[in-house]
Number of protein chains: 2
Amino acid sequence: MNFDDKSYKEKKVISIGTVRELTGLSERQIRYYEERKLIFPARTASGIRKYSFLDVERLVDIANQIEDGVQTYEIRQQWKKKEKQKEDWKKQMLKGQLQAHFKNYDGK
Amino acid sequence: MNFDDKSYKEKKVISIGTVRELTGLSERQIRYYEERKLIFPARTASGIRKYSFLDVERLVDIANQIEDGVQTYEIRQQWKKKEKQKEDWKKQMLKGQLQAHFKNYDGK
DNA sequence: CGTGTAAGGAATTCTGACACG
DNA sequence: CGTGTAAGGAATTCTGACACG
């Protein structure tokens with residue numbers, strides 16, 4: 001209903017110093033995770049990084065995994081795997097709908 | 001359920017340049033509305049203003065009213081009036097509950 | 001009253017690099 | 001590999017003031 005509430009979470013408006021305060025991470029860490037393709041802030045015309053609340057949550061998640069000894073490229077691979085699973089799930093849904101469709105047309 | 005979605009809207013994390021882009025207002029206007037007690041950004045330790053998405057919405061509302069010729073102090077008065085109405089409504093609710101309460105105890 | 005602007009200073013952010021391990 | 005830090009520069013933000021009307 002209030003779809004704006006969702007965009008608040010994804011709107012990239014927070015600069016790195018505020019992200020530092022929100023997450024407790026150092027700016028060095030935040031920029032490094034970007035270098036390792038784990039986070040993708042927007043950039044202003046002059047090059048200043050802007051993050052969303054969703055990015056902030058993701059950063060905390062990343063930091064926790066690294067604390068647990070997971071390497072950055074492993075985190076990236078894990079996310080790719082999850083993306084693939086999501087794709088597969090969508091295909092299954094579509095397949096199910098198609099089958100239901102043909103059943104109606106063939107069985108009668 | 002996801003009560004964080006609400007706090008996103010009220011968390012003061014946006015600096016004035018981004019607010020300018022979000023609202024289309026000038027920084028001068030944004031600071032002036034604060035001077036007139038219509039908006040209340042947070043401040044970092046070093047004095048940088050930080051706004052929430054709710055503040056951004058309020059700023060757009062303020063700007064629209066000013067465009068319509070409403071003066072800043074009138075906007076402030078109008079809000080005070082609405083605050084009062086809200087208070088009165090709460091009292092009414094409370095009164096209603098009290099009456100229902102006594103009815104149960106007295107009528108039986 | 002509401003807004004623009006130039007002024008000078010302080011705080012923020014950026015990149016590339018060296019360091020440690 | 002992940003993070004700290006000093007370095008120099010560029011972009012941002014702040015306040016108080018003058019201007020117009």
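Numbered from 1 within each chain, the chains take letters A, B, ... in sequence-line order. A quick note: this is a predicted structure, and the numbers were derived from the prediction, not measured.
- OP1 and OP2 of C/dG4 both lie 4.0 Å or more from every side-chain N or O belonging to B/Tyr32.
- Here A/Tyr33 does not reach the OP1 or OP2 of D/dG2: none of its side-chain N or O atoms lies under 4.0 Å away.
- B/Arg28 places its CZ atom 12 Å from the P atom of D/dA17, with the value rounded to the nearest Å.
- Here A/Lys80 does not pair with A/Glu83 in a salt bridge; the nearest charged N to carboxylate O distance is not below 4.0 Å.
- One interatomic measurement links the two molecules: CZ of A/Arg31 to P of D/dT3, which rounds to 14 Å at whole-angstrom precision.
- Nucleotide C/dA11 holds its P atom 15 Å from the CD atom of A/Glu27, rounded to whole Å.
- Between A/Leu38 atom CG and D/dT3 atom P the separation is 11 Å, expressed in whole Å.
- With a cut-off of 3.5 Å on both pairing distances, D/dA6 has no Watson-Crick or G-U wobble partner at all.
- Remark: B/Arg36 is in phosphate contact with C/dG2, judged by side-chain N or O atoms under 4.0 Å from OP1 or OP2.
- Regarding A/Asp68, its CG atom lies at a distance of 14 Å from the P atom of D/dG2, rounded to whole Å.
- For C/dG16, there is no paired nucleotide, since no Watson-Crick or G-U wobble pair has both relevant distances below 3.5 Å.
- Nucleic acid contact class of B/Tyr73 (heavy atoms, under 4.0 Å, all strands): none.
- Residue B/Thr44 is out of contact with every strand shown, counting any heavy-atom pair closer than 4.0 Å.
- For B/Ile66 and A/Arg43, each mapped to the nucleotide of DNA chain C holding its nearest heavy atom, the one lying further toward the 5' end belongs to B/Ile66.
- Across all their heavy atoms, A/Phe53 and B/Lys11 have their closest contact at CZ-CB, 3.9 Å.
- With salt bridges taken as basic N to acidic carboxylate O contacts below 4.0 Å, one links A/Glu27 and A/Arg31.
- The phosphate of C/dT12 (OP1 or OP2) has a side-chain N or O of B/Ser46 nearer than 4.0 angstrom.
- Within the nucleic acid shown, B/Arg49 comes within 4.0 Å of sugar-phosphate atoms alone, with no base atom in reach, counting heavy atoms only.
- Here C/dT12 presents its P atom at 15 Å from CD1 of B/Ile16, a figure rounded to the nearest Å.
- Here A/Ser15 does not reach the OP1 or OP2 of C/dT12: none of its side-chain N or O atoms lies under 4.0 Å away.
- Here the two rings, on A/Tyr8 and B/Tyr8, have centers that are 6.0 Å apart or farther.
- Base-pair partner of D/dA11: not found among the strands shown (Watson-Crick or G-U wobble, both distances under 3.5 Å).
- Counted by atom type alone, B/Tyr32 and B/Arg28 present zero donor-acceptor pairs between their side chains at under 3.5 Å.
- Per the geometry, CG belonging to B/Asn64 stands 15 Å off P belonging to C/dG2, to the nearest Å.
- Whole-Å rounding puts the B/Glu35 CD to C/dG4 P distance at 14 Å.
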